[in-house]
Amino acid sequence: MMAADGGSTLMIEKEFPKTEKKKTKYDVIIIGAGPAGYTAGIYCSRARHDTLILSGILPGGQLVNTTEVENYPGFENGVMGPDLMIVMRKQTERMGTTIIDDEVIDVDFRHKPFKILTASEEYECRAVIIATGASPRKIGIVGEQTFGGRGVSYCATCDGPFFRNQELVVVGGGDSAIEEATFLTKFASKVHIVHRKDQLRASKVMQERAFSNQKIQFHWNSEVSDITGDQKVQNVILNDTKTGQKTTLPVGGIFVAIGHEPNTKIFANRVELDAQGYLVLKDHTKTSVEGVFGAGDVHDHRYRQAITAAGYGCMAAIDVDKYLTEHKA
Ligand code: NAP
């Protein structure tokens with residue numbers, strides 16, 4: 001086809017491609033793409049709300065770092081964590097939710113519509129669901145960062161099998177630390193539990209299991225002061241907090257299991273957080289700002305399960321639906 005000036009329209013279109021203006025206004029924006037965020041997306045889209053998930057740079061949440069998940073209902077033979085998250089994402093998209101892998105850097109909840117800012121875009125919406133989850137707490141020493149992925153791990157189920165017949169350190173005294181240490185004895189020749197107190201916080205039954213395990217040795221009143229090695233972890237140096245005595249443990253790896261921290265930095269002074277930084281929810285999923293809701297590990301430090309996070313995602317979406325119906329734009 002020829003254009004009026006004799007040139008080809010095909011050519012012109014090629015040279016000046018039509019730029020579609022990026023859509024930036026939605027009914028609901030969900031921040032975070034773990035089980036809570038995806039479930040919220042499915043329910044919001046099925047309720048016919050124009051829904052965007054801003055998934056951050058590492059979509060999928062903590063399940064992306066796990067191996068087999070055996071306790072998520074619907075999978076008779078279990079499912080790999082990353083596979084479960086891929087299926088959840090596809091299902092969410094099929095329901096009509098837009099998913100953008102961008103990280104939110106700030107939010108403005110002072111006026112409506114709410115504003116959500118990423119590094120490249122500013123979005124507007126009538127309701128928000130915060131589902132940013134939690135991340136493993138770090139010890140905070142230099143060696144921990146230096147040897148990240150080279151012997152320092154935060155997930156025994158993910159990385160345990162890489163340490164067959166090696167000695168390992170597990171840091172912490174809660175249920176996670178004891179569970180991880182017990183699990184690691186399947187692979188390791190010996191597991192050293194390093195705890196800063198002289199007694200465990202973990203439940204009695206788990207303590208008993210660990211105390212009777214011949215492969216586990218406890219180091220009480222001790223903290224990890226350094227991690228050294230060449231290409232990977234070779235030594236973990238302990239400091240006895242009572243005597244100041246240093247002990248070097250030659251080990252192949254160190255698993256840090258000292259709890260989690262909610263991913264709420266960007267929400268400080270925007271919505272109410274508790275002393276630990278967890279989102280405070282009232283009346284199930286409502287935050288301190290009307291129209292802003294929360295779901296999953298970002299508020300729940302008690303259950304912290306994929307299935308409970310998904311359940312909260314569903315609850316938040318149902319609450320958003322009610323809110324949007326009552327507050328027409
Ligand atoms: P947690 O109960 O908060 O325990 C964290 C442990 O790490 C505590 O022993 C704490 O020491 C220690 N710790 C914290 N910060 C530290 C630091 N900077 N340096 C050294 N040590 C540090 O966390 P969790 O074990 O992850 O458990 C979280 C929740 O999930 C709990 O409610 C737990 O019951 C639950 N959970 C249940 C299961 C299960 O039932 N199968 C499994 C895992 C988790 P202090 O004791 O001195 O404070």
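As the structure is a prediction and not an experimental result, all values here were calculated from the model. Whatever order the structure lists them in is the order used to number ligands and atoms, beginning at 1.
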Protein residue, atom and distance nearest to atom 9 (O) of ligand 1, heavy-atom basis: Gly173 N, 3.0 Å

Shortest reach to atom 2 (O) of ligand 1 by a heavy atom, considering only Glu180, Arg201, Gln199: Arg201

Residues Asp240, Lys242; criterion salt bridge (Lys or Arg N to Asp or Glu O under 4.0 Å); working and verdict: CA-CA 5 Å; Asp240 186 312; Lys242 291 225 155 137; over 6 Å; no

Residue and atom name of the nearest protein heavy atom (relative to atom 43 (C) of ligand 1), distance in Å to one decimal: Ser176 OG, 3.4 Å

Identity of the nearest option to atom 38 (C) of ligand 1, non-hydrogen atoms only, from Val194, Ile141, Asp175: Asp175

Stepwise side chain to side chain contact (heavy atoms under 4.5 Å, CB included) check, His195 with Leu200: CA-CA 8 Å; His195 184 37; Leu200 299 172; 4.1 Å; yes

Test item, His195 contacting ligand 1 (heavy atom, 4.0 angstrom): yes

Arg137: numbered ligand 1 atoms lying under 4.0 Å from its heavy atoms: 14 (C), 15 (N)

Heavy-atom neighbours of Lys286 NZ exceed 12 at 6.0 Å: no

Stepwise salt bridge (Lys or Arg N to Asp or Glu O under 4.0 Å) check, Glu261 with Arg137: CA-CA 6 Å; Glu261 280 174 357; Arg137 187 176 288 139; 3.3 Å; yes

Nearest-contact summary for atom 41 (N) of ligand 1 - protein heavy atom, Å: Glu179 OE2, 2.8 Å

Shared hydrophobic cluster, Val28 / Val107 (ILVMFWY, side-chain heavy atoms < 4.5 Å): no

Nearest-neighbour protein heavy atom for atom 11 (O) of ligand 1, which is reported as residue plus atom name and distance: Arg196 NE, 3.2 Å

His301-ligand 1 polar pair, N/O distance under 3.5 Å: no

In one Ile/Leu/Val/Met/Phe/Trp/Tyr side-chain cluster, 4.5 Å: Tyr154, Ile254: yes

Nitrogen or oxygen of Gly174 less than 3.5 angstrom from that of ligand 1: yes

Nearest neighbour in protein (non-hydrogen) for atom 23 (O) of ligand 1: Gly259 CA, 3.7 Å

Output field: ring centroids Phe255/Phe183 closer than 6.0 Å: no

Closest protein heavy atom (residue, atom, distance) for atom 7 (O) of ligand 1: Ile258 CA, 3.2 Å

Polar atom proximity, Gly172 to ligand 1 (N or O, under 3.5 Å): no

Flag if over 12 foreign heavy atoms under 6.0 Å of CZ, Arg48: no

Gln217, CD atom: more than 12 neighbouring heavy atoms under 6.0 Å: yes

Verify same cluster id: Ile99, Tyr123 (apolar side-chain graph, 4.5 Å): no

Where ligand 1 meets Lys197 - atom numbers and elements under 4.0 angstrom, heavy-atom basis: 45 (P), 46 (O), 47 (O), 48 (O)

Crowding at CZ, Phe211 (>12 non-hydrogen neighbours, <6.0 Å): yes

4.0 Å protein heavy-atom contact status of atom 31 (C) of ligand 1, strictly under: no

Nitrogen or oxygen atoms of His260 and ligand 1 under 3.5 Å apart: no

Ligand-residue contact atoms, ligand 1 with Arg304, heavy atoms, under 4.0 Å: 26 (O), 27 (O), 28 (C), 29 (C), 30 (O), 44 (C)

